[in-house]
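Taking it in order: structure first as structure tokens, then the write-up.
What's counted below: heavy atoms across the whole structure, side chains too, no hydrogens, waters or symmetry copies. In each ligand, atom 1 is the first atom listed, and ligand 1 is the first ligand listed.
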Amino acid sequence: MVPEEIRRRVEELRREIHYHNYRYYVLNDPVISDAEYDALMRELRGLEEKYPELITPDSPTQRVGAPPAEEFARVRHPAPILSLDNAFGPDEARAWLERISKLLPPGTRLDFVVEPKIDGLSVVLHYRDGVFTLGATRGDGEVGEDITANLRTLRQLPLRIPVHPDGPTPPPYLVVRGEAFMTVHDFERFNRRQAERGAKTFANPRNAAAGSLRQLDPNVTAQRPLSLLCYQVVAYEGEPAPPSTQWGVLSYLRALGFPVTEHAAHFDEFEEAVAYCEEWAQKRDTLPYEADGMVIKINDLRVAADLGIVGRAPRGAIAYKFPAREVTTRLLEIRVNVGRTGVLTPYAVLEPVQIGGVTVSKATLHNFDYIAEKDIRVGDRVIVKRAGDVIPQIVGPIVEARTGAEQPYRPPDRCPACGEPVVRPPDEVAVYCVNAACPAQLVRRIAYFASRGAMDIETLGEKTAKLLVDHGLVEDVGDLYYLKKEDLLQLEGFAEKKAENLLAGIDASKERPFSRVLTGLGIRYVGGIVAEILARHFGSVDALAAATVEDLQAVEGIGPRIAEAVVDWFARPRHRQIIDKLRRAGVRLAEEAPAEAVPQPLAGLSFVITGTLSRPREEIAEIIERYGGRVTSSVSRKTDYLIVGENPGGTKYRRAQELGVPMIDEARLWEMIGRGTEGTEE
Ligand code: IVH
């Protein structure tokens, strides 16, 4: 027999703990310290250990500790768990309003509630006399899976209502729908930890939330940072009747102790609701979770219900979708690009897919390590992301969609263009083809030589460069100046006019200043800005070719990497031959005008760099400083710009967002300096 005062104390402890949980996890506003909370939990655990017959499933001690399940039981939902129709943009939203208005009695005035459409997992939560008894996934909308033990581990989920001493009394039977998800912050931290431990990482917060909720062992789910927001009463029995408006439902759920979004808004005018959706489309990244749109709901639930259902979607609400940034498609093939410097870069050939209005059929895979780390296989269904102006990227494979036919990828050990063995320097991620005669590299080098930031030969693009190389007409950029019209006429698509234009373009390039020639040579780390520094300091190609690493490093703005790359380049006889050819052709190999001071367009500006840029960070910093700017390592209120490269780090990015620090890409930096082409360097 359990003494009565023990029973009472256990009840009291549970009530208090539920309340403090709610203050802490739902309201983010705790009223006791962690130590005091721990003391209450300890006392309750002690009593439950001594009197196990007192343990009930709704005790706060029971969030964790349930044994792993063999499989999930099936649960029939008390009412269909519906999905939504989509509207892309204001016009489609207006078309929805027009459609439903026709079905309503003339003169019906509508008002609306708009909520974020969280990209997580729909969950259905059953309460009997205020006690959480059952939780299910959406499943097919009729039948879901019983994930009660997993949901119990979510701290924001009320195990017992009321959680609040003066909260409303719950009805005898209540079923609530909500969305379980991971915040972006929690997801990034969680994924980092997983990676550190060598455990599975997830492609996005949604997959992480889904994977966590579908764990057979609730103790694993308990370790995952899951959140919850609720928005619908699915079933209700008892008095008084539940609220008859969506706005009322949100308040009611909030009062009962459920977590409810703070970003919902009520509108009497439809256009205002649309404007609110558009506003959030712009600032979606400031939401703590990923949202794929907003939901516009008719506020009057009776009117909404009377409108009925089409297929699986109620007519009374519409998803106002944000432009997609992530889609899935099939990875058909992995191909390898050979760059000007010989770097081998893998990219994915995709089944064409639309992302935010653009058809994407290729995406970068960054490097071979990335493919291995993410275990990306040929034939995989993959998640493709295109954020802002960034080149499409493969986020990762959808492992669950594998059929077994997918082929793991093996990086090539020979250059796909010339067949020579490739080299992987010990502390670099990059894989190189070091064959100086590799045709793929030569094509890229020639196209680069002719590009806008270098010799600016408009009539010579990559396609023409390839023709010239394939026909053996050029073996290096020096040969361009000895091309004859007869040679060009044998090329595919070349008639008189085209041949003459190409020759004229090449001839005109002899007038480009020395610094542009130097840029065009494609010496590693020597882009437009560094070339200008070198040209100005040394004055001629002969002086530069004679310089030692020390001489070079003594120049402001030239670090050890650049110095070594320059010395290394001129040390090669092949390269000396190129210089000779250029000299004989009359290309400028010395500075014309007297040196002038470097302009300081970045004077007084402070920059922070995140992600990978086209060249090492120290070098970018040197350049910024040379033009008067400053580079610091972390974002603060004093930061003027965050330069965002590939795979930017989460912390700097978020901090910049919080503080409203403008973000720019590398190309924009070069524009600010007045060099629009630097970024084209590989
Ligand atoms: S309302 C009848 N509201 O979006 C009610 N759905 O296809 C229909 N979702 O699977 C859903 N946030 O999981 C609604 N505030 C919100 C939502 C929301 C996320 C999800 C839900 C559903 C999908 C709609």
Residue selection (non-hydrogen contact nearest atom 4 (O) of ligand 1) among K297, K117, R177: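 That would be K117.
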
Flag side-chain contact, heavy atom, 4.5 Å: L213 against V123: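 Answer yes - side chains close enough.
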
Min side-chain heavy-atom separation V249-Q232 under 4.5 Å: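 Counting from C-beta outward, V249 and Q232 never come under 4.5 Å.
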
Protein heavy-atom partner closest to [atom] - residue, atom, separation in Å:
| atom | answer |
| --- | --- |
| atom 13 (O) of ligand 1 | E179 OE1, 2.5 Å |
| atom 12 (N) of ligand 1 | I118 N, 3.2 Å |
| atom 15 (N) of ligand 1 | E115 OE1, 2.8 Å |
| atom 7 (O) of ligand 1 | L84 N, 3.2 Å |
| atom 14 (C) of ligand 1 | Y231 CE1, 3.3 Å |

Proximity of A313 to ligand 1 by residue part, where a heavy atom lies under 4.0 Å: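 It is neither part, as no heavy atom is under 4.0 Å.
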
Distance-only polar pair, side chains of [X] and [Y], donor-acceptor under 3.5 Å:
| X | Y | answer |
| --- | --- | --- |
| E326 | N204 | yes |
| Y19 | R23 | yes |
| S212 | R224 | yes |
| E115 | Q246 | yes |

Among Y320, W247, F270, F267, ring-ring contact (aromatic ring centres under 6.0 Å, His included) partner for F112: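 Only one of Y320, W247, F270, F267 forms a ring-ring contact (aromatic ring centres under 6.0 Å, His included) with F112, namely F270.
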
State the atoms of ligand 1, each with its element, that fall below the 4.0 Å cut-off from a heavy-atom position in [X].
| X | value |
| --- | --- |
| V295 | 3 (N), 16 (C) |
| S83 | 7 (O) |
| L82 | 8 (C) |

Considering all heavy atoms, the nearest L253-V233 contact: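 Residues L253 and V233, closest heavy atoms: CD2-CG2, 4.2 Å.
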
Close approach, P314 and ligand 1, non-hydrogen under 4.0 angstrom: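 The answer is yes: ligand 1 sits under 4.0 Å from a heavy atom of P314.
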
Close approach of A264 to ligand 1, heavy atoms, under 4.0 angstrom: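 No heavy atom of A264 comes that close to ligand 1.
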
